[in-house]
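Contents: one structure, followed by commentary.
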Amino acid sequence: KAGVTQTPRYLIKTRGQQVTLSCSPISGHRSVSWYQQTPGQGLQFLFEYFSETQRNKGNFPGRFSGRQFSNSRSEMNVSTLELGDSALYLCASSPLGSGYEQYFGPGTRLTVT
Amino acid sequence: QKEVEQNSGPLSVPEGAIASLNCTYSDRGSQSFFWYRQYSGKSPELIMSIYSNGDKEDGRFTAQLNKASQYVSLLIRDSQPSDSATYLCAVNLYNTDKLIFGTGTRLQVFP
């Protein structure tokens, strides 16, 4: 089976802009979770989508949002970018949900200047 | 107290030795435990999952779980330089339905 794919792999944005990241899960996986990874905070859970519905949410501001399409592909949007949003954004898919085995994509490296 | 704690390392072991990585967690009701390996510049890769007390072996890897003491460990036998990476412990804390990750232990295996 093909793994989780994410696009784009690298992004450079300016403070105040918005950004949309895309994720395609492993075929058959209906759960897609998004994580932020930074050197200081480690890997932190943003939210999970399952069958087009947000099922779990982490402790991030409302500037971070997402959605999932009927084919399980998911997008994450960050509005009004801040310097602190610079991070590796990882998408993970799972056959069962965000509390179970997560299979990660390669990530999108976002740099905010 | 952090929800999931790991020693950041680095843990340095010679090639061929056993590497022992430890993780403690705060919630006694936690049910699912995972170990991920992350090479520098790459994304985390699932290497082991464990749900019951005791040992679970997969090749050179053994995961050990002790729910009473609230720790989970990963043993890597016959360590190879290619095992050099950061190892992340992840726990599904009780009643949260999401994985909480430790900050990882960096392992260095030297020839």
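Keep in mind that the numbers below use all heavy atoms, side chains included, and drop hydrogens, waters and symmetry copies.
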Worksheet item: Quick one: which residues of residues 11-34 of chain B reach chain A at under 4.5 angstrom, heavy atoms only?
Response: B:S32, B:F34

Worksheet, complete the sentence: Taking a cut-off of under 4.5 angstrom between non-hydrogen atoms, the residues of residues 25-51 of chain A near chain B are A:Y35, A:Q37, A:L43, A:F45

Worksheet item: Given the rule that I, L, V, M, F, W and Y join up when any side-chain heavy atoms are under 4.5 Å apart, are A:I12 and A:Y10 in one cluster?
Response: no

Worksheet item: Should B:V4 and B:Y71 be regarded as members of a common hydrophobic cluster, given that ILVMFWY residues are connected when their side-chain heavy atoms come within less than 4.5 Å of each other, either directly or indirectly?
Response: no

Practice prompt. Using a cut-off of 6.0 Å, state whether more than 12 heavy atoms not belonging to A:L96 lie near its atom CG.
Written response: yes

Worksheet item: Within a radius of less than 6.0 Å around CZ of A:R15, do more than 12 heavy atoms belonging to other residues, nucleotides or ligands occur?
Response: no

Fill in: B:N92 side chain vs A:Y100 backbone, donor-acceptor pair below 3.5 Å
no

Worksheet item: Can you hop from A:L21 to A:L81 via hydrophobic side chains spaced under 4.5 Å?
Response: yes

Worksheet item: Take atom CG in A:N71; do more than 12 heavy atoms of anything else shown fall under 6.0 Å from it?
Response: yes

Practice prompt. Might you confirm whether atom NZ of B:K42 has over 12 heavy atoms from other residues, nucleotides or ligands at distances under 6.0 Å?
Written response: no

Worksheet entry | Contact summary for B:S43 and A:P106, nearest pair of heavy atoms | OG-CA, 3.9 Å

Worksheet item: Same hydrophobic cluster for A:V19 and A:Y89, using side-chain heavy-atom links shorter than 4.5 Å among ILVMFWY?
Response: yes

Discussion item. Is there a side-chain contact between B:Y36 and A:Q102 in this structure, where contact means two heavy atoms from C-beta onward sitting under 4.5 Å apart?
Written reply: yes

Worksheet item: Side chains of B:L99 and A:S98: closer than 4.5 Å at any heavy-atom pair?
Response: no

Item to complete: Establish whether A:V112 and A:V78 are linked, either directly or via other cluster members, by ILVMFWY side-chain heavy-atom contacts under 4.5 Å.
Response: yes

Worksheet item: Nearest heavy-atom pair of B:Y51 and A:E101: which atoms, and what distance?
Response: OH-OE2, 2.6 Å

